[in-house]
Each structure stands twice: as C-alpha cells, then as structure tokens.
Amino acid sequence: MAVYTDINEVELAAFLSNYNIGTLTSYKGIAEGVENTNYLLHTTAGAFILTLYEKRVNPQELPFFLKLMQHLSAEGLECPQPVVAGNGEMIGELAGRPAAIVTFLEGMWLRKPAAEHCEALGVGLAQMHLAGQSFTMERKNGLTVDNWRPLWQQSLAHADKIEPALIDEAEADLAYLEANWPQDLPRGVIHADLFPDNVFFLNDKLSGFIDFYFACTDILAYDVAVCLNAWCFEKDHSYNQTKGAALLRGYNSVRPLSVAETEALPILSRGAALRFMLTRLYDWLTVPDGTFVVKKDPMEYVRKLRFHRQVENASEYGLPNAVSTSGEHA
Ligand SMILES: Nc1ncnc2c1ncn2[C@@H]1O[C@H](COP(=O)(O)OP(=O)(O)OP(=O)(O)O)[C@@H](O)[C@H]1O
Ligand SMILES: N[C@@H](CCO)C(=O)O
C-alpha cells in the first residue's frame with residue numbers, strides 16, 4: 001500500500017485550518033498508488049484527496065502539475081481540481097512533506113476495459129490535448145528518447161536475469177529509436193501515463209482523469225501511443241485491433257491525427273513500450289522486495305515491444321482504411 005507518511009488528526013486539523021473546506025469528519029489512507037501518499041478526507045464540505053508528495057516527485061515541479069489540473073478543469077475537463085489555501089497557495093507542508101488537497105473525483109477505474117471504454121478514452125484524451133493547448137507552462141519529458149539509454153545502462157548488467165534475449169533486443173530498439181524518433185510532430189501538454197488506473201468511469205461513462213505527475217510537454221501522438229500500449233493488449237499479450245480502432249476512432253473524432261502523426265504510431269508505440277519496460281525493469285532490479293512499492297512486470301512490456309517491432313504499417317493498430325502504404329489517406 002502507498003501510505004509512506006503517517007499523519008495524525010491534530011496535525012491534519014491544523015493543516016486544514018488553512019483551507020476553506022469545512023471541518024474534518026474522517027480521513028483514511030488510500031492503499032492504491034505507488035508514488036505518493038494519498039488520504040481520502042471527508043469534511044463538512046464534501047470529499048477531498050490529500051496528497052503528500054514523496055521522494056520521487058521534485059517539489060519544484062509541483063506548480064506545473066497542479067496548475068495544469070487547475071487549467072484543464074477550468075477548460076471543462078473532468079480532473080481533480082487543486083484547492084487553493086487562504087494564503088493563495090496550492091502547495092503547503094504537512095508532516096515534513098509538500099502537500100496539496102484536490103477535489104475528489106467520482107468513479108472507479110476499470111480492470112477490464114472494453115472497446116467502448118477505449119473509444120471514450122480516445123475522446124477524452126483528444127479533449128485533454130485541445131484543452132492543454134492554451135496552457136502556457138512547459139515541462140520537459142524526463143522519460144523520453146534521450147533518457148532511455150542512461151536508464152537502460154543502470155539495468156543492463158542484470159537484465160539477462162529477466163530474459164536472456166533482452167540485452168540484444170533492447171540495444172537494437174534503442175539504436176533504432178534514437179536514430180528515427182520523430183522531431184516535427186505537433187506537441188503540447190501530454191498526460192504521459194494514462195493507464196486504466198488513471199481513468200475513472202461512472203456507470204460506463206468516463207468520469208475523469210487523475211494522476212498528472214508525469215505530465216509534460218511532448219509529442220501529442222505519443223500520448224495516444226502510451227494508451228494503445230496500456231489499453232489495447234489482452235492478458236495473453238495479443239494486441240486487440242478492435243480496441244485500438246475504437247481508441248483511435250474516439251481520438252480522431254475530436255482531434256484528427258494528421259497523416260504524419262498516424263504514420264508515426266508504430267515508432268511512437270515502440271518508444272512508449274520501451275519507456276515502460278525500462279522503468280519497470282529498473283524498479284524490478286533495484287527496489288528491494290518487501291517495500292511498499294508495487295513492482296510491475298517488465299516482461300509485459302518486453303512482449304509488447306516484440307509486437308511493435310514487427311508492425312509495418314499504422315493500419316495494424318486498427319486503422320484499416322486510414323493509411324495506405326504510400327502514406328496517403330485512403
Ligand atoms: N482526485 C481523486 N479522486 C478520487 N480518488 C483519487 C483521486 N486521486 C487519487 N485517488 C485515489 O488514490 C489512488 C492513488 O492515486 P494516484 O494514482 O494519483 O497515486 P500515485 O501514488 O501518485 O500513483 P501512481 O503510483 O499510479 O503513479 C487512486 O487509484 C484513487 O483510488
Ligand atoms: N503506469 C506505470 C506505473 C506508474 O506510473 C506502469 O504501469 O509501469
């Protein structure tokens with residue numbers, strides 16, 4: 001569970017006195033999540049989430065994340081809205097940690113999303129990209145193509161413990177991605193970690209996005225590629241074209257991908273798979289067993305990489321008539 005920092009009622013009540021959100025009636029730690037400590041608060045004014053930011057979050061980057069949520073929410077996107085304290089600040093300090101309170105989002109994440117949910121995700125993602133266009137702050141993606149080799153080098157010595165073929169495969173992926181990573185695709189604010197556990201649904205309707213702590217300024221279509229990886233593979237590791245088609249249909253209905261963006265989906269998806277393989281591999285090899293950190297299986301992404309490597313055309317992601325071999329819209 002992810003409650004790294006304990007708080008008591010007295011310090012919490014004192015912290016809450018800085019905010020205009022009524023009086024505390026109950027609070028409890030939330031087990032899910034691995035990066036930060038989250039508490040669910042009930043006050044006389046409603047439900048809120050209190051986050052204490054742990055070591056892996058750089059406090060200097062918090063204004064970007066919180067102002068982004070504020071901006072997207074003001075643009076009509078469903079996402080947690082930071083609560084501003086009486087002193088005008090969104091970030092305070094509690095139990096020696098930077099801390100923020102955000103509004104509670106109704107809904108639950110889906111363990112088994114279906115094609116209709118992928119379509120709704122595509123719509124929501126494109127809406128987020130459009131809403132992000134007027135956000136003026138920028139944050140470099142710390143986990144993009146330039147960062148993958150240094151990350152890989154920290155795991156390289158033990159990578160063959162996970163899978164003997166991994167060293168050759170990852171080296172080839174890195175060389176290919178570094179030489180061919182797209183440079184001129186439309187950029188903007190991306191979520192960069194929009195896995196099913198960061199998207200809530202209520203009665204089968206998308207009710208909002210959470211966890212913007214990897215958000216950054218990068219290639220918009222890369223966010224689509226992250227979602228193709230996270231939403232469109234089955235438990236048996238096969239790619240589900242119906243789900244991919246639904247996700248892309250949803251996205252294209254709001255922000256149509258250009259020909260260049262569509263054609264880049266195979267390389268962007270391969271890059272996204274490598275990014276999650278590398279962070280999972282690093283955690284797998286370095287985080288000791290028995291800590292709170294839930295280690296996710298890097299092999300899931302080794303298998304996804306193998307799929308993307310053999311993709312010849314973006315149509316294989318579920319766009320049968322969208323891209324011809326000459327790259328023209330059919
Ligand atoms: N605004 C919110 N409204 C409702 N529930 C929330 C909200 N924010 C967080 N949660 C709950 O807290 C859990 C953990 O949140 P989150 O994923 O942001 O944590 P994290 O430790 O930063 O995550 P991760 O390890 O996935 O990066 C979520 O799964 C959800 O149950
Ligand atoms: N979504 C990430 C972990 C948290 O950011 C993964 O599944 O590897």
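Counting starts at 1 for both ligands and their atoms, in listed order. What you see is a predicted model; the values in this text were computed from it and never measured.
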Report yes if the distance between the aromatic ring centroids of Y213 and F65 is under 6.0 Å, otherwise no.
yes
At under 4.0 Å between heavy atoms, is it the side chain or the backbone of R280 that contacts ligand 2, or both, or neither?
side chain
Quiz question: by atom type and distance under 3.5 Å, do the side chains of R275 and T279 form a donor-acceptor pair?
yes
Show me the donor-acceptor pairs, under 3.5 Å and distance only, between side chains in residues 139-146 and residues at least two apart or in other chains.
from, atom 1, to, atom 2, distance (Å)
R139, NE, E61, OE1, 3.3
R139, NE, E61, OE2, 3.1
R139, NH1, A215, O, 2.8
R139, NH2, E61, OE1, 3.1
N141, OD1, L143, N, 2.9
N141, ND2, D218, OD2, 2.9

Show every ring-ring contact (aromatic ring centres under 6.0 Å, His included) that has at least one partner inside residues 67-106, sequence neighbours left out.
H71-F135
Return the protein residues near ligand 1 (heavy atom under 4.0 Å from any of its atoms), ordered by chain and residue number.
I30, E32, G33, V34, E35, N36, N38, I49, P80, V102, T103, F104, L105, N198, F200, I210, D211
Would you say Y301 contacts ligand 2, with heavy atoms under 4.0 Å as the rule?
no
When the ring centroid of F276 is compared with that of F195, is the distance short of 6.0 Å?
yes
Note the single closest protein heavy atom to atom 2 (C) of ligand 2, along with its residue, its atom name and the distance in Å.
D193 OD1, 3.5 Å
Quick one: sort the H129 and Y251 rings into parallel, tilted or perpendicular, breaks at 30° and 60°.
perpendicular
Residues joined to I210 in its hydrophobic cluster, side chain to side chain under 4.5 Å directly or through other members, sorted by chain and number, are L105, W109, F200
Heavy atom of the protein closest to atom 3 (C) of ligand 2 (residue, atom name, distance):
K296 NZ, 3.9 Å
For this output row, return yes or no: ring centroids of H42 and Y27 closer than 6.0 angstrom.
no
